[in-house]
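Every chain is numbered from 1, with letters handed out A, B, ... down the list of sequences.
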Number of protein chains: 2
Amino acid sequence: MPNQARPGTGEQARQHALERLRQAILRGDMAPAQRLVENELAEQFGVTRASVRAALIELESEGLVERIRNRGSRVRVVTVEEAVAITECRMVLEGLCAAKAAVAATDDELAQLTTIGRAMTKAVADGEPVTYSELNQELHARIRQFSGQRTAVELLEKLNAQLVRHRFQLALRPGRPQRSLGEHLAMVETITARDPQAAEAAARAHLTSVIAALRE
Amino acid sequence: MPNQARPGTGEQARQHALERLRQAILRGDMAPAQRLVENELAEQFGVTRASVRAALIELESEGLVERIRNRGSRVRVVTVEEAVAITECRMVLEGLCAAKAAVAATDDELAQLTTIGRAMTKAVADGEPVTYSELNQELHARIRQFSGQRTAVELLEKLNAQLVRHRFQLALRPGRPQRSLGEHLAMVETITARDPQAAEAAARAHLTSVIAALRE
DNA sequence: ACGGACAACATTGTCAACAATATTGTTCTC
DNA sequence: GAGAACAATATTGTTGACAATGTTGTCCGT
């Protein structure tokens with residue numbers, strides 16, 4: 001039973017295939033560099049090849065899939081070098097979002113950031129790296145959201161999607177949460193202080209540290 | 001005679017349609033918000049609807065086209081507000097590229113920047129806004145290229161494509177070249193001085209000025 | 001005249017079959 | 001046995017037809 005969603009409903013085939021395939025790649029179900037044969041995917045998802053094709057084209061421009069003319073598609077492998085380049089872009093874009101958020105966020109939204117910061121501190125104290133990683137994601141997402149910078153948010157989400165594998169690897173590294181906690185708290189503090197320049201600097205400092213960690 | 005390229009050659013239909021359509025939008029042949037009916041485009045380009053469809057999906061994720069389910073595609077209109085948001089992203093990304101270029105460029109490449117800077121100065125002195133605008137494009141492109149930051153370059157090219165209309169409008173504004181010339185020269189100077197921080201600051205200052213001009 | 005049901009139309013979404021291309025395996029020559 | 005031409009296979013690219021959906025215009029009752 002390859003299908004987990006009803007094929008007969010109004011759910012458009014292409015969108016269905018797109019979502020299934022994207023999730024499969026993001027969850028790591030597809031091995032890196034694995035070949036993605038249109039026919040196989042079509043059967044697996046219970047849609048036609050045309051829909052899979054459309055989904056692959058879309059995923060290609062999201063950077064999750066690599067396509068070569070007449071040769072097929074594969075899950076794109078992001079080298080460490082590329083991961084660094086991507087994270088450099090994240091650095092400046094998250095800096096922009098942090099600065100914007102420091103100005104644009106409501107008081108209620110700032111309180112949310114503080115709450116997440118406290119939870120992160122607790123997660124580190126309790127030695128729960130998985131919880132910490134989730135809160136990490138949550139914090140970055142909120143800051144993006146509060147910035148109100150739709151273009152930057154879209155770019156960042158695309159960039160982040162390409163880094164799933166590296167992020168996963170990074171989160172499990174011992175000592176990493178302890179180091180990054182302070183950086184995250186600095187971001188929260190500067191944003192809640194409504195200091196855009198300091199917020200940008202804090203975000204960039206954090207991402208700089210991530211880059212250093214990526215390089216091992 | 002709608003076709004300008006031979007249909008029988010090895011040129012893949014989808015890529016052909018993609019390129020034609022992208023150029024048409026970028027050249028402004030398609031009015032903003034114009035409806036893009038798949039059948040019409042297919043006939044116009046001499047390819048089948050499936051190829052046009054694939055091209056539209058790709059252009060959608062490039063931000064040039066807007067698609068609504070079961071309702072069709074249109075040329076995306078970028079509001080001034082969006083143009084500002086896009087340019088803010090450009091600001092930080094070009095800042096990154098300028099900083100990288102200051103470190104990574106070869107001496108020969110730096111000389112190219114200086115040459116373009118001189119040509120820009122001359123274009124302003126001679127009162128040739130079109131030449132100046134072209135050199136402007138050229139300078140930014142070179143800096144991106146010399147940075148060696150492929151991810152940032154890709155993002156910037158996508159962002160720039162969305163701004164064609166606004167850029168065109170901006171270039172013809174009287175007095176604008178005079179104002180931006182100094183900013184451009186500052187970018188060249190700081191990069192050739194191999195000072196990444198100053199280069200980033202100069203790039204950001206320039207784009208900040210562009211944002212101010214966009215807002216009128 | 002006004003509003004709603006309904007039918008005709010236009011357009012996109014999906015499908016299955018066909019053509020083109022690259023890869024792989026085989027055979028033949030030397 | 002090694003290498004090149006060649007056939008066989010696998011996979012993608014393309015096509016035209018069909019189904020589903022949204023839109024527009026018309027007819028009817030009030």
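- Atom CD in A:E60 sits about 14 Å away from atom C1' in D:dT12, given to the nearest Å.
- When distances are taken from the side chain of B:S51 to each of C:dT14, D:dG13, D:dT15, the shortest belongs to D:dT15.
- Nearest to the side-chain atoms of B:R53 among the listed nucleotides D:dT12, C:dG13, D:dG16 stands C:dG13.
- Residue A:Q15 contributes atom CD, which lies 17 Å from atom P of C:dT12 at whole-angstrom precision.
- Atom CZ of A:R74 is separated from atom C1' of D:dT12 by 14 Å (rounded to the nearest Å).
- Counting any heavy atom pair closer than 4.0 Å across all strands shown, A:R14 reaches sugar-phosphate atoms only and no base atom.
- Here A:R53 pairs with A:E38 under the salt bridge (charged side-chain N to carboxylate O under 4.0 Å, His left out) rule; sequence neighbours left out.
- Between A:L56 atom CG and D:dT11 atom P there is a gap of 14 Å when expressed in whole angstrom units.
- The phosphate of C:dG13 (OP1 or OP2) has no side-chain N or O of B:R69 nearer than 4.0 angstrom.
- Nucleotide C:dA19 holds its C1' atom 11 Å from the CG atom of A:N70, rounded to whole Å.
- One atom, CZ of B:R67, and another, C1' of C:dT11, lie 12 Å apart when rounded to the nearest Å.
- The CD atom of A:E43 sits 14 Å away from the P atom of C:dC15 (whole-angstrom rounding).
- Heavy-atom neighbours of B:R173 CZ from other residues, nucleotides or ligands within 6.0 Å: above the threshold of 12.
- A:L36 comes within contact range of the sugar-phosphate backbone alone, with a heavy-atom separation under 4.0 Å but no base atom that close.
- In this entry the distance linking CD1 of A:I68 with P of C:dA20 reads 23 Å, nearest Å.
- Side-chain atoms of A:N136 do not come within 3.5 Å of backbone N or O of A:Y132 as any donor-acceptor pair.
- Looking at which nucleotide of DNA chain C each of B:R35 and B:A50 is closest to, the 5′-most match is held by B:R35.
- The number of heavy-atom neighbours closer than 6.0 Å to CD of A:Q197, taken from other residues, nucleotides and ligands shown, is 12 or below.
- In this structure, A:R49 reaches the bases: a heavy-atom distance under 4.0 Å links it to at least one base atom across the strands shown.
- Side-chain polar atoms of A:S61 and A:R67 form no donor-acceptor pair below 3.5 angstrom.
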